[in-house]
Participant: 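A single structure is presented below for examination.
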Number of protein chains: 2
Amino acid sequence: MSLRDIARLAGVSVKTVSNVVNGYAHVSPETRAKVEKVLAELDYRPNLSARNLRRGRTGVIALALPELDAPYFAELSRFVIDAAAEHRWLVVIEQTDGGLDRERQALDGVRDHRVDGVILTPFAIGAEELAARTDDTALVLLGERIHDGPADHVAIDNVRAARDVTEHLIGLGRARIAALGAQDNSASGTAPLRLAGYRQALAEHGLPETVAKVERYHRAEGAAAMAGLLALDPRPDAVFCFNDLLALGAMRTILAAGLRVPEDIALAGLDDIEDGRYSTPTLTTVAPDKAELARIAVDLLRQRIDGRPGQPPREARAGYRLVPRESTLGR
Amino acid sequence: MSLRDIARLAGVSVKTVSNVVNGYAHVSPETRAKVEKVLAELDYRPNLSARNLRRGRTGVIALALPELDAPYFAELSRFVIDAAAEHRWLVVIEQTDGGLDRERQALDGVRDHRVDGVILTPFAIGAEELAARTDDTALVLLGERIHDGPADHVAIDNVRAARDVTEHLIGLGRARIAALGAQDNSASGTAPLRLAGYRQALAEHGLPETVAKVERYHRAEGAAAMAGLLALDPRPDAVFCFNDLLALGAMRTILAAGLRVPEDIALAGLDDIEDGRYSTPTLTTVAPDKAELARIAVDLLRQRIDGRPGQPPREARAGYRLVPRESTLGR
DNA sequence: GCGACTGTTTACAACGTTGAAACAACGTTG
DNA sequence: CAACGTTGTTTCAACGTTGTAAACAGTCGC
């Protein structure tokens, strides 16, 4: 069922059918009605492969992120898919596992498929390599910061957000505030930014640092790292975890050790994943405006796709807010 | 950069380049080497729109599910994407929100884009409507059961799994076992199956039923429905929630009410989402083999796509296992 | 009644790819 | 040595769409 079939049945040329389908203005009412009738009867759908071949567009964008089953990314993906739907784009998701090879593959595989653009959450891949890429597919970096990056970028102000959380903990009167989530295996993760914010706040109040490292932002690593912090003497009376998953893992360790949250140890995360709203105690966190992040990312991509090449990279910020809950306030 | 460019530079015909790209056997070693050199130099990538137009395939399948940010679906998606990657398929994700319109739209929108196949987790859409669809795109139903369905289908044995959980609770000596998660707004959800399994087990032991209904399988609804169960007199001493999200919501309500899990109320879910492994207490659940589900779904789809049309629908089962944790056993 | 103009419709080519068929060069076979 | 098969390569057409340009019909002004 192609334009040709419709044209034959309606007794007009293929191009006229195409004009009707595309809402071209100068088609006589009678012709339009006749064609539309046949279109409806046969339930015509354009063949997008052909249309895209002709137009040089695919109508598909890729979203490349470390892992879809981390709640933060799942929630974000939802918004990206919704935002893309408004531009009638489909979204294919590529999982990189934060590995350099797979991040490259994602950019490559995606190139194979000639998507119109890529939204990438980089982790292992560095700024230099991204800058050096030869592919001219539109690219937007989402959620991580590569300083003076080679592509459009959108994120929340991670330094400030981390400082806000830390100050919240300081405001509770806690003095031994640990950070959980530093990393040294990522070329472009947010860990350094969040660490910087944490340090700023502590420095302003003359408090000492305690930093626990992890490799990945998973519950299991949060749980393990927390065990290390519990073994310290004196042990921390508050912990800022660099994301909610780490915090939930840490919470499990604290509670399983027979200690109380927040009475013995106050706990805060970052991401505002839904789990944290139903844990016991509920988890204090920073809520990035995920819908805004997604909307901006898609919008930057749209401008990049529609615009002329060679425009300088743009930097955009999405909002966030601190959400105090039971894990720092008690019930 | 097309085959034509490569052909010109290599001094051969377009078709010969195509043959090299596609690994056609009868190409002389010298020609092959010459062409491959140019291919590598120009970093040639086939235009998939053109290839798909010619071949009538797109290399893209759709995964339509209610919501990507429900952890079960996020985890499942991960496996589907991985399984599809082995066949070099990309996966576009469509979110239906469990709404009839959006499920139809997903099947429709997907047709617009001429994907090679669709994996659908139906919720609102009924068997009759699916059976009546005119589209001949390959379709596999995943995770929900439509009796004598019109398409290939894969799921775990929900009735048995629910019976296993209920028997586990009975085995703890609990006598007032409630079910949380019945639904009457879904034409093809699993709720009736899980309810049936729950009832079978109770009936075998002559125990009374208590059933709480919800509309959606979210934490908030689990929390709300649990409040209703707590108001009963006598209140239940065990609750089987039809999925883990409901159970985590219910757990929150129980603990916030000052009751203990499992001492006062034992709690079990179904899905084995990661959250349940780090809640306090950890959550007893049924773990469907998600990787197997995904693998089978993709495999059924592959057979459907490659096979002749008109084959009768197939029914496949994936494994599951009961995972007892603290919410029924204590620490 | 003629040219210019407007509105409507059409023919053609092209996007990049690949299956079918043709062809040339060669070796094998009867 | 003629017929045949094999290998390597090419030509051609087609997949379904849309941009360009041109054809066509009707209307207006003079």
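Values below: all heavy atoms of this structure, side chains included; hydrogens, waters and symmetry mates excluded. Since we're looking at a predicted model, the values are computed, not measured. Proteins get letters first, then strands, A, B, ... in listed order; numbering begins at 1 in each.
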Participant: What pairs with A:Ser18 under side chain to side chain contact (heavy atoms under 4.5 Å, CB included), at least two apart in sequence or on another chain?
Facilitator: A:Leu3, A:Lys15, A:Asn22

Participant: Using heavy atoms and a sub-4.0 Å distance, could you list which residues of residues 33-41 of chain A are near DNA chain D? By number, please.
Facilitator: none

Participant: Run the side chain to side chain contact (heavy atoms under 4.5 Å, CB included) test against B:Ala70 and tell me which residues pass, sequence neighbours left out.
Facilitator: B:Glu67, B:Phe73, B:Leu245

Participant: Among residues two or more places apart or on two chains, list those pairs meeting ring pair (Phe, Tyr, Trp, His ring centres under 6.0 Å) that have a residue in residues 288-315 of chain B.
Facilitator: none

Participant: Got a salt bridge between B:Arg104 and B:Glu129, using NZ or NE/NH1/NH2 to carboxylate O under 4.0 Å?
Facilitator: yes

Participant: At a cut-off of 3.5 Å, list every protein nitrogen or oxygen paired with a nitrogen or oxygen from nucleotides 18-23 of chain C, distance to 0.1 Å.
Facilitator:
unit_1, atom_1, unit_2, atom_2, d
C:dT18, OP1, B:Asn22, OD1, 3.3
C:dT18, OP1, B:Asn22, ND2, 3.3
C:dT18, OP1, B:Arg51, NE, 2.8
C:dT18, OP1, B:Arg51, NH2, 3.2
C:dT18, OP1, B:Arg55, NH2, 3.4
C:dT18, OP2, B:Ser18, OG, 2.8
C:dT18, OP2, B:Asn22, ND2, 3.2
C:dT18, O2, B:Arg54, NH1, 2.6
C:dG19, O4', B:Arg54, NH2, 3.3
C:dG19, N7, B:Lys15, NZ, 2.7

Participant: Under 4.0 Å between any heavy atoms, over every strand shown, what does B:Ser28 touch: base, sugar-phosphate, or nothing? Just pick one.
Facilitator: sugar-phosphate

Participant: Which pairs, with at least one residue in residues 11-33 of chain A and sequence neighbours excluded, count as a ring pair (Phe, Tyr, Trp, His ring centres under 6.0 Å)?
Facilitator: A:Tyr24-A:His26

Participant: Check salt bridge (Lys or Arg N to Asp or Glu O under 4.0 Å) between A:Arg302 and all other residues, then give those that pass, not counting sequence neighbours.
Facilitator: A:Asp299, A:Asp306

Participant: At a heavy-atom distance below 4.0 Å, which nucleotide of DNA chain D is the first touched by chain B, and which is the last?
Facilitator: D:dT7 to D:dG16

Participant: Got a sec, which residues hit salt bridge (Lys or Arg N to Asp or Glu O under 4.0 Å) with A:Glu75, two or more places apart in sequence or on another chain?
Facilitator: A:Lys290

Participant: Of all residues at least two apart in sequence or in a different chain, which pass the salt bridge (Lys or Arg N to Asp or Glu O under 4.0 Å) check with B:Asp289?
Facilitator: none

Participant: Applying salt bridge (Lys or Arg N to Asp or Glu O under 4.0 Å), name anything that partners A:Arg304, two or more places apart in sequence or on another chain.
Facilitator: A:Asp152

Participant: Requiring both pairing distances under 3.5 angstrom, list the stems that contain DNA chain C and are made of three or more consecutive Watson-Crick or G-U pairs.
Facilitator: C:1-30 with D:1-30

Participant: Is A:Thr31 touching bases, backbone alone, or none of the nucleic acid, heavy atoms closer than 4.0 Å?
Facilitator: sugar-phosphate

Participant: What's the separation between atom CG in B:Leu48 and atom OG1 in B:Thr58, rounded to the nearest 0.5 Å?
Facilitator: 9.5 Å

Participant: Go nucleotide by nucleotide along DNA chain D from the 5' end; which of B:Ala50 and B:Glu30 gets its closest nucleotide reached first?
Facilitator: B:Glu30

